[in-house]
Chemist: 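Before I ask anything, here is the structure I am working with.
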Amino acid sequence: MPERQTPRELLASSGKLDRDVIAVKYRGRTVDLHTPVAATAAELAPVRATDAEGLAVIRHSTAHVMADAVQRLFPGTKVTIGPAIEDGFYYDFDKPGGGFTDDDLRKIEQTMLDVVKKDSAFRRVVVSRDEAKKMFSAMGETFKLEIIDAIPPDEEVSLYEHGVPPNEWVDVCEGPHVPSTGYLKAVRLTHVAGAYWRGDERNPMLQRIYGTAFPSPEALEEHLKLLEQARGRDHRKLGKELELFMFDEVAPAMPFFLPRGAFVYTRMIDYVRGLYERHGYDEVVTPQVFDPRLFRTSGHLGHYNENMYRVWTEDLLADAGDKVKEGLQQGAFALKPMNCPSHCVIFGSKRRSYRELPWRVADFGRLHRYERGGVVHGLARVRSFAQDDAHIFCAEAQVSSEIEKFIGLLNEVYVAFGFVKVDIKLATRPAAEKRLGTDEEWDRSERALAEGLERAGLKYDVVPGEGAFYGPKIEFHVHDALKRSWQLGTIQYDSNLPNRFDLSFVGDDGHQHRPVMLHRAIFGSLERFFGVYLEHCGGNFPAWLAPKQAIVLTVSEKSDAHALKVQERLRARGLRVDVDLSSDKLGAKIRNARLLRYPYLLVVGPKEAEIDSVGVRSRDAGELGAMKVDELAARLEAEARPPARMPGLAH
RNA sequence: GCCCACUUAGCUCAGUGGUAGAGCAGCGCUUUCGUAAAGCGCAGGUCUGGGGUUCAAGUCCCCAAGUGGGCUCCA
C-alpha cells in the first residue's frame, strides 16, 4: 500500500502538474489536489479547467464563494445546497425577509470578486458527525444538520473552508474544489428563483440564485453570446415574428394558430395521416364534451379531477337548484382531457374478434387540460391541444411486436423532421402502494417494452419508478433551444382501462379475452412538437412544410403583370406562392422576404419578363441565377413532397 | 399552486411624482428603382385591470389578471 500523498505532490513528482490542472480523476472519482490519497501517480488523471469535470469543480467552488458573499451581505441567511449543474450552478438560501433583487446579485458578485482576489486556499477537513453537527448547530445552520444526517453512515463527513481569518467560510461538502479562490476567473450571477427545500412543495420555499462560471472571461463571454443566440430562436419570439401563432388573455395558455402557423400545423397532421395508411391505423372522430359518467368509468374523475374543464348547460343549472355546487360536480359535462375513453367506448360498442386485433385507432381530437398557472409555457405546455394520438388494442402476446412497429414509425417521423438526437427513457413500475396489477404483470409488460426497444436497436435509459400507475411507458425526449428537455412521443402499456370498461374480444378458442391497450403518440402534443421543431429549424421550414414556398418580388411596377402570371402558373401546379407588388425597392423586398424565411425568392424585372424566367434565390442554397418558370416549378414540386423513408435515429 | 420579475402604440423599447415619447409596421403623397431597410407627411394610447396615497401617479402602495424565470405536478 503506497503512502497517502496529495495528488499535487504525486503529479508534481511525475511532471504532470501545471497551472491548468485543478483536480484529479482517481478510481472513477474526481478528487481535489490537496486531499491525500493512497495512490500512485500513474493512477491519477489530471482534470483541467476546460474538462467537463473541471468545469463542474470550478462551478461548485464558485457556489461556495457565492454563499460566502451572500452570508456576509445578508446576515441571518441560512445556507442549504449549491451544486454545479449543466451550464452553471445554483445555491439555495433561506433568507429572512424575502428574496434577492437584481441589485443584490450585482452586490454579491462584487463581494465574490473580493474573495477571489484574496486567493485563499480551499481546505478540506474531515470531522466526526458529532463535531460537524455541534458546529453547524452553533451557527444556526439548521438545513446543514439535516444534510449531515442524510450522509450515509459509512461515508466520512468532510468540511471545506476558504477565506482568511477572521473571514473563513465553511460548508459541509463532499468536494472536490479548486486549489484556491483565485482559480475562479469568470463568474456571472444570472437570475433568482424560488425553490422548495428538497424539491417538495410541502417544505419551505427557499431563494435560489443561479449563476455560471468559466475558466476564463472569454469562455464566459462566448457562453453568454450563445445564450443570446438561443433566445433569438425561442419559439415564442419566432412565432410572433413569423406570424405563426398568438395568445390572448381570453383563453390563457391556449394558442391561436394564425394562417401561416395553421398551415404548418395541419400539414404535420396530413403527414402522419399519410403514414397511417401504410402502418395499418384507422382514424376516428370523437366528441369533445362528455357526460361525466364516462370519466367516472375511466377513472379520470377522481384521479385527474383538478386538470379537467367542466361545462354546464342552462338545463343543468336549473336542475341543480339550491345545491348548485354538488349538482354541478355530479352533472356538469366534462371536456375530454384524453381520447382513450372514447376509443374504449368504440371498442366496446360491438363484439370484437381476435381477427380484428391489433386494432390501431387514431384520433387528432382537441384536448383540454387545466394546467396550473405556473407551469404553462409558450406552445410547450398549453391547456388546449391535440395529439397525434392512437390506441392499439391487442392481445398480450402482440405487445412487443406492436412496440417495435411503433418505434419504426416514430423513427421515420423524427428523422423526417431532423430530430436525430433523442433521449429515450423506459419508465418502470412505481412504488408498490402506487401501482395496480401483480408483479408478474409488471415483469411481463416491462419486458415487452424493453424487447421492443432492443429489437429496434435503440439505446435507452431506465427510469425506475416513473411509470404510470397502470403500466410502464417509453418516452422520447428532445431539447429546445434553451436546452430544456421536453417529452414528445410516448408509448404506454395499459391493462387498466380495458378492465374498467370491461372490454373483451373472442379468441380463437371461442372464449372471451381481455385486450391490452397501448397509448401512443409520435409528436405527442402537436403544439409542443410545433414549438420544439420551430426552434430546431430556426423558423426555416423546409419547402414541404413551409406556409409559403416562394415569393415573387418585382423590381418595379413595370413587371407586375409578369409577376402575377408567374404566381398564377405556380399556383396552378399546387405550389404556395406570394407576390410582393409594393412600391418598396428590391433590396427592401428581399429583406422582408428573408425575415419571413421564404424558401425561395423569385425576382422579376424586365429582363426576366422577356425570356419567361425568374431570378431565383434559395434560402438554403443561395443565388441560383435565372431559371425558366417551368424549370423552377419542377424543382419546387420535387422539394414540396414530404420526405421519403430515411435512415434511422443516431445516438 | 408557491417564490421572484415584468406588463407603456400592431411590434421592439425609452420615459424615477409635474404637458405620454422613439424606431419599425400601418395609411397618404413623391420616387419606378436589380438582390438585406428610398424620402416626406399623417394617424395611432383608459400607460394590463381595479382600488388607494398625493395638490398632482405611467412612476409610490394594495388587490387581481396575463406573461416570463424557476420550484412542484404531470393518467
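Order of the sequence lines sets the chain letters (A, B, ...), proteins ahead of strands, with each chain counted from 1.
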Chemist: Tell me if the side-chain of A:Y196 makes a donor-acceptor pair with the base of B:G70, cut-off 3.5 Å, by modelled atom types.
Modeler: no
Chemist: Between B:C4, B:A75, B:A36, which nucleotide has the shortest distance from any of its atoms to the side chain of A:I590?
Modeler: B:A36
Chemist: With rounding to the closest Å, how many angstrom separate the P atoms on B:G34 and B:G41?
Modeler: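 Straight-line distance between the two P atoms is 25 Å.
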Chemist: Within residues 365-382 of chain A, find the residues that approach RNA chain B with a heavy atom at under 4.0 Å, and present them sorted by residue number.
Modeler: A:Y370, A:R372, A:G373, A:G374, A:V375, A:V376, A:H377, A:G378, A:R381
Chemist: Could you work out the separation of B:U59 and B:G17 based on their P atoms and round it to a whole Å?
Modeler: 11 Å
Chemist: Hey, does A:E249 reach any base, or is it just sugar-phosphate, or nothing, if we go heavy atoms under 4.0 Å?
Modeler: sugar-phosphate
Chemist: Would you say B:A75 has OP1 or OP2 under 4.0 Å from some side-chain N or O of A:K473?
Modeler: yes
Chemist: To the nearest Å, give me how far apart CD (A:E243) and C1' (B:C11) are.
Modeler: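 Whole-Å distance recorded here is 10 Å.
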Chemist: Got a salt bridge between A:R372 and A:E306, using NZ or NE/NH1/NH2 to carboxylate O under 4.0 Å?
Modeler: no
Chemist: Looking only at atom P, what distance separates B:U46 and B:G50, rounded to whole Å?
Modeler: 11 Å
Chemist: Roughly how far apart, to the nearest Å, are B:A14 and B:C60 at atom P?
Modeler: 15 Å
Chemist: Can you see which heavy atom on A:I611 is nearest to which on A:K628, and at what distance?
Modeler: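 Residues A:I611 and A:K628, closest heavy atoms: O-NZ, 2.7 Å.
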Chemist: Would you measure the distance from the C1' atom in B:A36 across to the matching atom in B:C73 and give it in whole Å?
Modeler: 46 Å
Chemist: Where are the stems of RNA chain B, defined as at least 3 consecutive Watson-Crick or wobble G-U pairs with both distances under 3.5 Å?
Modeler: B:1-7 with B:65-71, B:10-13 with B:21-24, B:26-30 with B:38-42, B:48-52 with B:60-64
Chemist: With a cut-off of less than 4.0 Å, is there a side-chain N or O of A:K585 near OP1 or OP2 of B:G39?
Modeler: no
Chemist: Rounding to an integer number of angstrom, what distance separates B:C62 and B:C71 when you compare their C1' atoms?
Modeler: 26 Å
Chemist: Please report the distance separating the P of B:C3 from the corresponding atom of B:C27, rounded so that it comes out in whole Å.
Modeler: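 It works out to 46 Å between them.
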Chemist: With rounding to the closest Å, how many angstrom separate the C1' atoms on B:A9 and B:C42?
Modeler: 15 Å
Chemist: In terms of side-chain heavy atoms of A:E201, which of B:C11, B:A75, B:G1 is nearest?
Modeler: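 The answer is B:G1, which lies nearest to the side chain.
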Chemist: How long is the straight-line distance from CZ of A:R366 back to CG of A:L335, given to the nearest 0.5 Å?
Modeler: 11.0 Å
Chemist: Check the angle between the aromatic planes of A:F214 and A:H223 and answer parallel, tilted or perpendicular using the 30° and 60° thresholds.
Modeler: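 Judged by the thresholds at 30° and 60°, the geometry between A:F214 and A:H223 is tilted.
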Chemist: Just to be sure I understand the rule, does A:R594 reach a base, reach only the sugar-phosphate, or reach nothing, if contact means heavy atoms closer than 4.0 Å?
Modeler: base
Chemist: At 4.0 Å (heavy atoms only), tell me whether A:Y90 reaches a base, stays on the sugar-phosphate, or touches nothing.
Modeler: nothing
Chemist: Is any side-chain nitrogen or oxygen of A:K558 closer than 4.0 Å to OP1 or OP2 of B:C33?
Modeler: yes
Chemist: Could you tell me whether the side chain of A:C344 reaches within less than 4.5 Å of the side chain of A:H391, counting heavy atoms only?
Modeler: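 Counting from C-beta outward, A:H391 and A:C344 never come under 4.5 Å.
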Chemist: Given B:G69, B:U31, B:A75, identify the nucleotide with an atom nearest to the side chain of A:R236.
Modeler: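 Of the options given, the side chain of A:R236 lies nearest B:G69.
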Chemist: Using the rule ring-ring contact (aromatic ring centres under 6.0 Å, His included), only one of A:H479, A:H235, A:H377 pairs with A:W486; which is it?
Modeler: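 Running ring-ring contact (aromatic ring centres under 6.0 Å, His included) over A:H479, A:H235, A:H377 with A:W486 returns exactly one hit, A:H377.
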